[in-house]
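Following: one structure in C-alpha cells, then a few remarks.
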Protein chains: 2
Amino acid sequence: MQELTDKQQQVLDAIKEFQGINGFPPTVRELAEYFGQASTAGIHKILKALESKGHLRKGDKGKSRSLGVLDDDPAAFRARAYPIVGHVQAGPFQLAVEDREGELLLDSDWAGHGETFLLRVRGHSMIDADIRDGDMVLVEKTQQCHNGDIVIALLEDEATVKRFFKEKDRIRLQPENPTMQAIYVPKDDPGFRIIGKVKGLLRKF
Amino acid sequence: MQELTDKQQQVLDAIKEFQGINGFPPTVRELAEYFGQASTAGIHKILKALESKGHLRKGDKGKSRSLGVLDDDPAAFRARAYPIVGHVQAGPFQLAVEDREGELLLDSDWAGHGETFLLRVRGHSMIDADIRDGDMVLVEKTQQCHNGDIVIALLEDEATVKRFFKEKDRIRLQPENPTMQAIYVPKDDPGFRIIGKVKGLLRKF
DNA sequence: TACTAAGGTGAACAAATGTTTACCTAAATA
DNA sequence: TATTTAGGTAAACATTTGTTCACCTTAGTA
C-alpha cells in the first residue's frame, strides 16, 4: 500500500465511515458534499488516485454507488465480542454460567485487544468515581496495577471493585464513597488476588 | 417480524447474499435480472412488502442502491458503526468535519437500531447524573421526550446536555450540578430544538 | 362465482449518478 | 524559474436507477 496524501486519507476514512454507518458506500456527490466541495471532479481525481494506489475498488464504469475500500483492516474485524461475565459485589466471584449475561459487541480499538471482559457493578462503593450500580465496567485481565488504578480484586472468593493503593506492608482497597471504609489487606494474604484493571464503563439510561 | 411468502424470502436472501459479496446492496434491476424478470415493477412490489413487514429498509425516495436488510440474526450484522459527531457544550453545534472524531463499533442490540450517534461531553453540568467531562453519550435522534429525560438540546445553535422538564408555558433544562442554574426556554422559541435523547454512556479510564 | 393478494409485463418519466473536459490555483520540486 | 502534482470549479452529457401506472394471470378465499 502506497503512501497517501492527507486529503486522500480523509476521503478514504470518510468512505469507510459512511459504509460502516449505512451498509453501502457514498456516491461521488455525497463525498463532495461531505467535504463542502461544489464539484465532483475533484473527488474523482482523489478516487482515481486511491484506486491506482490500491486502497479502493471502483465499481464497473458507470455503475452507481459501488465503491469498495480495499484496506485490510475492515471495520467488521474490529468488532469483537466481550463477555459480560457476571457482577462485582454480588457474592462469590465465580464465572458461573448463571451469572453470565451474554456478550456485547464492541469496537476493539476502543475496548482493547487483550483479554478483556465486562462486569456489571452492584452497589455504590464507587459512586464518587461516577460508577453507578448497574453500570458495566470493562476489565482488562491483569495482575499488574498502579496506585490509583480502579481494580477488580478477589478477597476470600469475594469480588470487589475498588481503587488500589500499595502501602508499606499492605494493600489498601479504597471505596469511592465517603460512607464506606477502606479495606486493608496484608501483602502476602493468600486469599487476595487482583483480577484486572477497570479500563472503561458502559451505561444505559 | 411477519411471515414472508416464498418469493419474498428468496428476494430477501438474494439481497443479503449480494450485500455480503459486494459490500453494497443490489439495485432493483439487478434483482430483476437475477430472478430472470423483465420488469422492475414486480421487484418493487416485493420490496414494498418486505419493507412493510419490517425486514428491509429502503433508502430515501429515489436514492440509488440503498436497500438495507433489517434481520438481526448474525452477530456480524449486530455490530454497527455509530459516528462520534462532535461535542456538546463545545460551542456551535454543527456536524462539521473537523469536530468529527470518527466512529465506534457497538452492538446494535445494546446501542439501538434507530438513528443514533455519539457525542463527547464537555463540562460538568451533569456531574450529579454521573456524566463526566470527556464521557461519550449515546444519543437517539428524536424530538419526543418526557420529563426527566436527559436530552441534547439546541439553543441558538448551541448544543447542551440537560435534564428536560416541561412546565406550564416553558421548558426547563436542568443541569445536574448544584452550582449551575436551570435554563428556561419559552415553548415556542424558534431557536430551541431537541436533537435527541441520551440513552447511554461510554467512558474510558 | 366474485374478489383479493401476489407477482409479473411493458413502458415512460424524473432524478440520481458517473464521467469527462477545460480551466484555475497553490505548493513542491527540478 | 519552469514544471509537475494535487486538488478544486463549472458545466455538460450519458447512463443508471428508482418509481409509477395500467394491465395481466394465477391461486386462494369468502
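The model shown is predicted, which means the values in this text are computed figures rather than measured ones. Here is the naming used below: chain letters follow the sequence lines, and residue numbers restart at 1 for every chain.
Separating the CZ atom of Arg29(B) from the P atom of dA12(C) is a distance of 13 Å, rounded to the nearest angstrom. Between His44(B) atom NE2 and dC21(D) atom P there is a gap of 12 Å when expressed in whole angstrom units. As rounded to whole Å, 17 Å separates atom C1' of dT19(D) from atom CZ of Arg65(B). Between the C1' atom of dA6(D) and the CG atom of Leu50(A) lies a distance of 12 Å, rounded to the nearest Å. Going from atom CG of Leu31(A) over to atom P of dT19(C) covers 13 Å, rounded to whole Å. The interatomic distance linking Asp6(B) (CG) with dA5(C) (P) rounds to 19 Å, in whole Å. Nucleotide dG7(D) holds its C1' atom 12 Å from the CG atom of Leu47(A), rounded to whole Å. Across the protein-nucleic acid pair, Gln10(B) atom CD and dA6(C) atom P stand 16 Å apart, rounded to whole Å.
Checking dA6(D), dT9(C), dG18(C) against every side-chain atom of Thr5(A), the shortest atom distance belongs to dA6(D). Comparing dA10(D), dT17(C), dG7(D) by their nearest atom to the side chain of Ala38(A) picks out dA10(D).
Mapping Leu67(B) and Ile46(A) onto DNA chain D by nearest heavy atom places Ile46(A) closer to the 5' end of the strand. Two residues, Lys61(A) and Lys7(B), neighbour DNA chain C, and the one matched to the more 5' nucleotide by heavy-atom proximity is Lys7(B). Both Thr40(A) and Lys45(A) lie near DNA chain C, and the one whose nearest nucleotide falls closer to the 5' end is Thr40(A).
Ala49(A) comes within 4.0 angstrom of nothing in the nucleic acid, heavy atoms only. Lys58(B) comes within 4.0 angstrom of sugar-phosphate atoms only, judged by non-hydrogen atoms across all strands, and of no base.
Phe18(A) and Glu30(A) make their closest contact through CZ-OE1, 3.6 Å (heavy atoms, listed as atom of the first residue, atom of the second, distance).
In this structure a side-chain-to-backbone donor-acceptor pair under 3.5 Å is missing from Lys141(B) to Ile195(B). Not a single donor-acceptor pair under 3.5 Å links the side chain of Gln9(B) to the backbone N or O of Asp6(B). Between the side chain of Lys204(A) and the main chain of Trp110(B), a donor-acceptor pair closer than 3.5 Å is present.
A cation-pi contact links Lys7(B) to Phe35(B), judged by a cut-off of 6.0 Å to the six-membered ring centre and 45° from its axis.
Distances shown here put every side-chain N or O of Ser64(A) at or beyond 4.0 Å from the OP1 or OP2 atom of dT16(D).
Put simply, the side chain of Ser39(B) and the base of dG10(C) share a donor and an acceptor less than 3.5 Å apart.
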